[in-house]
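Take a look at the structure set out below.
Computed from heavy atoms alone, side chains included, the values below leave out hydrogens, waters and symmetry copies. Both ligands and their constituent atoms are indexed starting at 1 by order of listing.
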Amino acid sequence: MISFDAAHKTVHYPQDRRFRIWVRPSILIGIAAAIALLLFAAWIEFGLVGLPYVSPIPQVYPNNFAGPHGFPLWVRYCHFFNFLFVMMLIRSGLSILMDHPRLYFNDDCTPGSEWIRFTPIKVPRDRIWTAKDDARYISPLVGTPGYRHTIGIARVWHFIDVHGFIATGILFIVMLLTTEQWKRIVPTSPVVLAQAWNTFVHYATFHLPPEPNGFYGYNALQQIAYFTVVFVFGPLAILTGIAMSPAVVNHFPRYPRIFGGRQSARSIHFLTMLSFFGFLVVHVALVVMTGFKRNMNHIVMGTDDANPIGMWLGFVGIGVVVLSWVVAHHLSWHHPRGLQHALKSVTYPMQLLTLNRLVPQQHYSDQQISPYFWPNGKMPVREDWKRLVESGFRDFRLKVGGLVENPVELSLAEITRLGHVEHITMHHCIQGWSGIAKWGGIPIKTLIDLVRPKPEAKVVAFFSFGEALYGDAYYDTQSIENVLKAECLLALEMNGRPLPEVYGAPLRLRVENQLGYKMVKWIERIEFVESEKQLGAGEGGKNEDDEYFDLLPNI
Ligand SMILES: Nc1nc2c(c(=O)[nH]1)N[C@H]1C(S)=C(S)[C@@H](COP(=O)(O)O)O[C@H]1N2
Ligand SMILES: [Mo]
């Protein structure tokens, strides 16, 4: 059970729960103008020449009722499961979105450069305002699990469901293409576009076009809509999702550029969700308006009659989907650890085999360094750290020990003498923001060569002077194997200067194939151990222990 002590209450139930949506005016005007233009054109055509002709029978194969008709069992199953998974993806996605309630088309995420935000707050510039401060509240009726900063569990639902969504999608497309059913939704002639426009003119001028019996075929607009949902929205959601993975983006920096960049991919991911939702609303409205009982029999029973049974079973199906939200909510609050482990049992082995093998190789230029870099985490409040700050860390000694042949205590000057490398990299926070910065320091490999871990040491733990969100010291762990990968640094510098206090002075970790929370700031000591299970609650880090984040966040 996630406890509701004072610390959790202030995070999950903040005093300020206002919800506001702000959209950049130029974007609003652009969208409104595009819609107005389409409607205007439809009305002009209607005014000048009247309603265009729309065939009362399926238009694509007007003379061929022998073609694909009816809805085989696999269509009906995929239809239901897709609904189940998409709704859960939307609900958990909204919880994830609210953890950084701003969307951008640039990778710097400078406050004010967003095109849409779901918060009334403008980022204050006169004090530190962290990404965690910026997270917003979302009602648990809307988001899974909802409230504020529940991104760990929201990701569990998102990533469990995405497996179901992809499996359903693959089954559907394979079956579609190996049966006649593809002819229903794949336009085969450009004439369909003209026919779709004619149908649109009907709707836009408040006329219902003649309704083909969907059992035998669709009208052209329907066909294009279904085609787009299956062959555009689905793949786009998956591809833009992958374009947010630090392991992928930092190994193939060109991949997210297909979508206009990493943040643009995140924006498109959101827009795809809106498109799915918009489609759902129109789809359901038309199913209800054009012969509800018969339509429900088509997709639930696979029969073409007006028996009410399909409708009632359909309601049961919708009930099951709603029930899945209630169950998900219950599990989220009462069995969060079980959920975290359930996801881990699937993704951990899979990531070891796939994403975790991608080694960071980014080459950003100085010009690409972000002018603003969101800070995150709680500044240390410990007196010894404050004294170190005052003395410019002159007396700081980094203790490196545990299962090593040669434990050491190093001053900053000694660390500097071990070597110096610089990388300009893109940082990905789990909450959604990114930023490019130049980090200077020593490769962790240099440190490992110095201390010589014993053979039984498999994991290296980084302990911070700073506190975690719900109290106690912040720490995180890495497999030794991972910190030997390229671009993994113990950083002393950011953008050519000693690490500023808020960015982790005197030392922080950089691991570019993972999410930001693995990169401990304000490092006090480093310890080599056999397993992360020996530390804290045993999940591999403070966020993993307290907030149910993943041990291996390559995505
Ligand atoms: N000690 C400590 N380190 C931390 C955190 C923290 O809360 N405490 N937050 C992490 C998270 S969630 C992120 S995204 C990065 C943020 O680094 P930045 O402040 O340089 O942007 O630091 C990570 N390191
Ligand atoms: Mo983060």
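When atom types are taken as modelled, the side chain of Ser245 and the backbone of Val248 share a donor-acceptor pair closer than 3.5 angstrom.
Under the rule for a ring-ring contact (aromatic ring centres under 6.0 Å, His included), Trp325 has no partner lying at least two apart in sequence or in another chain. For the ring-ring contact (aromatic ring centres under 6.0 Å, His included) test, residues two or more places apart in sequence or in another chain that qualify with Phe259 are Tyr255.
Between Tyr104 and Trp115, the ring centre distance reaches or exceeds 6.0 Å. The six-membered or imidazole ring of Trp374 lies away from that of His427, with a centre-to-centre distance of 6.0 Å or more.
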Please tabulate, one line per pair, the protein N or O atoms found under 3.5 Å from any N or O atom of ligand 1, giving the distance to one decimal.
{"unit_1": "ligand 1", "atom_1": "1 (N)", "unit_2": "Ser464", "atom_2": "OG", "d": "2.9"}
{"unit_1": "ligand 1", "atom_1": "1 (N)", "unit_2": "Lys521", "atom_2": "O", "d": "3.2"}
{"unit_1": "ligand 1", "atom_1": "3 (N)", "unit_2": "Lys521", "atom_2": "N", "d": "2.9"}
{"unit_1": "ligand 1", "atom_1": "17 (O)", "unit_2": "Arg508", "atom_2": "NH2", "d": "3.1"}
{"unit_1": "ligand 1", "atom_1": "19 (O)", "unit_2": "Asn376", "atom_2": "N", "d": "2.9"}
{"unit_1": "ligand 1", "atom_1": "19 (O)", "unit_2": "Lys521", "atom_2": "NZ", "d": "2.4"}
{"unit_1": "ligand 1", "atom_1": "20 (O)", "unit_2": "Arg508", "atom_2": "NH1", "d": "2.6"}
{"unit_1": "ligand 1", "atom_1": "21 (O)", "unit_2": "Trp374", "atom_2": "O", "d": "2.6"}
{"unit_1": "ligand 1", "atom_1": "24 (N)", "unit_2": "Met519", "atom_2": "O", "d": "2.8"}

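Sorted by first and then second residue, the side-chain hydrogen bond (donor to acceptor under 3.5 Å, both in side chains) pairs with a member in residues 343-355 form an empty list; sequence neighbours excluded.
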